[in-house]
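Below: the structure, in structure tokens.
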Amino acid sequence: MSRRDLPAWKALEAHRPAIEATTLRALFASDPARADAMTIEAAGWTLDFSKQLATRETLAKLVALADAVDLRARIDAMFRGDRINTTEDRAVLHVALRAPRGEKILVDGTDVVPGVHEVLDRMAAFAARVRSGAWLGHTGRRIRNVVNLGIGGSDLGPAMCTEALRHYAPAEMRFRFVSNVDGSDFAEAVRDLDPAETLFLVCSKTFTTLETLTNARTARDWLVAKLGDAAAVAKHFVAVSTNAGEVAKFGIDTANMFGFWDWVGGRYSVDSAVGLSVLLAIGGDRFREFLAGFRAMDEHFRAAPFDRNLPVVLALLGVWYRDFLGASSHAVLPYDQYLRRFPAYLQQLDMESNGKRVTRDGTLLDVASGPIVWGEPGTNGQHAFFQLLHQGTELVPCDFLGFCTSLNPLGDHHDLLMANLFAQAEALAFGKTAEEVAAEGVAAALIPHRTFPGNRPSSTLLADRLTPATLGALIALYEHKVFVQGVVWDVNSFDQWGVELGKVLATQIAREIASDAEPALAHDASTNALIRRYRHARRG
Ligand code: F6P
């Protein structure tokens, strides 16, 4: 049955005109308890969703939709380890990565939690040796530089978190992330590094990804050439992967490999061994705090009623905008420089998960699925794209993220930062009417230009400070939000077949580019011409 045929879906459609006919000004004026009623807390985070184009009635109708699509049963199936990734026949158990010792989660009859903790313990012991200087490079020097070679989930999560938690890392250590197959990425990342002090983490779930393996080979050549000894690889390369065979083939001793499992999706893997760079940055104890933050949000997600459940409320509001109010994008605006990479991280989490066009059983969707996710930290975005948010013709729901306490309390910087966050959310929601502009004495011709229509929705997420735990909880919040939306849209949020075709074509075109003889090209006329032009330019 199409989602459109559900009575709960129809009830939301019928409700839409009432919301379109009102304004946030009117909604706040008519309900003095609105801000309190539409604020919920969990795992160190407070969500104020009162500036959303929704009433308590809207939320009740959205929760009815969640009930109608059996959200509760689907949450239980994920936590139970059912093979909910049906197109790859896999369980989806990133929640097991933060399960405490002693909890039992079975995959095919085997408890996976002891294995999770065994890897975590090995990672922590390894990081302690590197950080203390017990693990030395090939020439006896301490490791000061960590370079993660990975892409997608093997890059975005660890890069985002290492940057987010930089405050907690030793100042003398440098962390770099090389993802692009563009050689400039590697060249610039190592340009000022001493190879004798550099540790490479080759991070790839499959250990077959073109970009990562190309960068890893280049890194190995660079290191061996600079240190003049192939044996140096043993002290300067470790691997993070599910594929021990390929790791060994590459030349990394599997004793220096940190494993994970096929039930961890790449974009859900930063709390697995994929987070090794994060652990090297913040140490084992803080990494456990990070995991505890995830876990706190997991527990809230499982236990809280849907209308008081942070991931569920954010997800349902997203569905409301996407499917009923016509929004095609969603902006995430962290008012914290440390979270600079958070929007990029979310892009993969959300768009690779819910950028789907068929339902779980392969039927073409007749509702809109995942939005375009984008964003930049505040206040920078204000001086770039906020014009469109305030006065453009697109409806862009926004998530504002901020912290009450700064990790770098310098003068009045933090108060100014937070004042801007609150001001932007207020201006978007309530705007400035033509009458108010006129009352300021603005010339009539300028009034339309200086009017702010308002009614532009946002949520505000606040935590006390950016810590490993609040970061973990924030990531889990969005992981579960994406899951809930996938359930509502009835898509498989855990596969990514859409990335395959380009990979296959690129392999073929790379062969055609490299061939000495003029290749017989069988692409379309445009692609054929572009390849010929490139071959010609390359050969001079
Ligand atoms: O191309 C998409 C993808 O498969 C992502 O889902 C994944 O995170 C990324 O490539 C990297 O994959 P791997 O960790 O296997 O190198």
Side-chain angles (χ1 to χ4, degrees), residues 84-94 97 119 123 147-162 177-182 185-186 200-220 237-250 252 257-278 341-356 370 373 475 478-479 482-483 486 491-510:
I84 62 170
N85 177 357
T86 46
T87 62
E88 296 179 319
D89 192 25
R90 287 176 182 166
V92 174
L93 268 180
H94 42 277
L97 299 170
V119 175
M123 288 163 64
V147 181
N148 188 86
L149 308 173
I151 197 164
S154 298
D155 167 69
L156 289 161
M160 181 275 283
C161 292
T162 302
F177 292 83
V178 176
S179 52
N180 202 331
V181 76
D182 180 345
D185 200 7
F186 180 81
F200 290 101
L201 315 180
V202 188
C203 191
S204 173
K205 179 175 171 180
T206 55
F207 228 76
T208 57
T209 303
L210 169 93
E211 291 90 337
T212 303
L213 270 286
T214 305
N215 279 320
R217 280 189 285 268
T218 300
R220 188 178 52 193
F237 276 79
V238 301
V240 172
S241 188
T242 59
N243 191 344
E246 287 298 322
V247 169
K249 232 193 262 171
F250 179 83
I252 297 177
M257 166 181 155
F258 299 91
F260 58 114
W261 306 271
D262 74 353
W263 40 262
V264 182
R267 53 194 177 272
Y268 297 87
S269 67
V270 66
D271 46 340
S272 72
V274 168
L276 183 58
S277 51
V278 186
R341 300 280 289 152
F342 192 67
Y345 166 76
L346 263 194
Q347 282 180 327
Q348 186 199 12
L349 179 67
D350 198 316
M351 293 163 79
E352 204 172 65
S353 295
N354 287 339
K356 306 287 164 65
V373 176
I475 296 170
Y478 280 95
E479 286 177 348
V482 166
F483 170 78
V491 298
N492 181 352
S493 302
F494 302 104
D495 61 12
Q496 57 284 318
W497 299 105
V499 303
E500 294 303 323
L501 178 58
K503 287 186 190 173
V504 171
L505 289 173
T507 305
Q508 184 186 337
I509 293 174

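Nothing fancy with the numbering, it's 1 onward along the sequence. Counting convention: from 1, in listed order, for ligands and their atoms alike. Both backbone and side-chain heavy atoms feed into the values below; hydrogens, waters and symmetry mates do not.
The closest approach between any non-hydrogen atom of Gln348 and ligand 1 is below 4.0 Å.
The nearest heavy-atom contact from the protein to atom 12 (O) of ligand 1 is Thr209 OG1, 3.5 Å. Ranking the protein heavy atoms by distance from atom 9 (C) of ligand 1 puts Ile151 O, 3.7 Å first. Closest to atom 2 (C) of ligand 1, if we only count protein heavy atoms, is Glu352 OE2, 3.4 Å. Remark: minimum distance from atom 8 (O) of ligand 1 to any protein heavy atom is reached at Gly153 N, 2.7 Å.
Here Thr206 has heavy atoms under 4.0 Å from ligand 1 in both its backbone and its side chain.
Other residues, nucleotides and ligands contribute more than 12 heavy atoms inside 6.0 Å of the CZ atom of Arg220.
Between Cys203 and Asp155, every side-chain heavy-atom pair lies at or beyond the 4.5 Å cut-off. The shortest side-chain heavy-atom distance between Ile475 and Tyr345 falls under the 4.5 Å cut-off. Counting heavy atoms from C-beta outward, Glu352 and Gln347 have side chains that stay 4.5 Å or more apart. Residues Met160 and Gln348 are not in side-chain contact: their nearest non-hydrogen atoms beyond the backbone lie 4.5 Å or more apart.
The shortest N or O to N or O distance between Lys503 and ligand 1 is below 3.5 Å.
With ligand atoms numbered from 1 in the order given, ligand 1 contributes 1 (O), 2 (C) to contacts under 4.0 Å with heavy atoms of Val499.
Under a 3.5 Å cut-off, the side chain of Ser241 and the backbone N or O of Ser204 do form a donor-acceptor pair.
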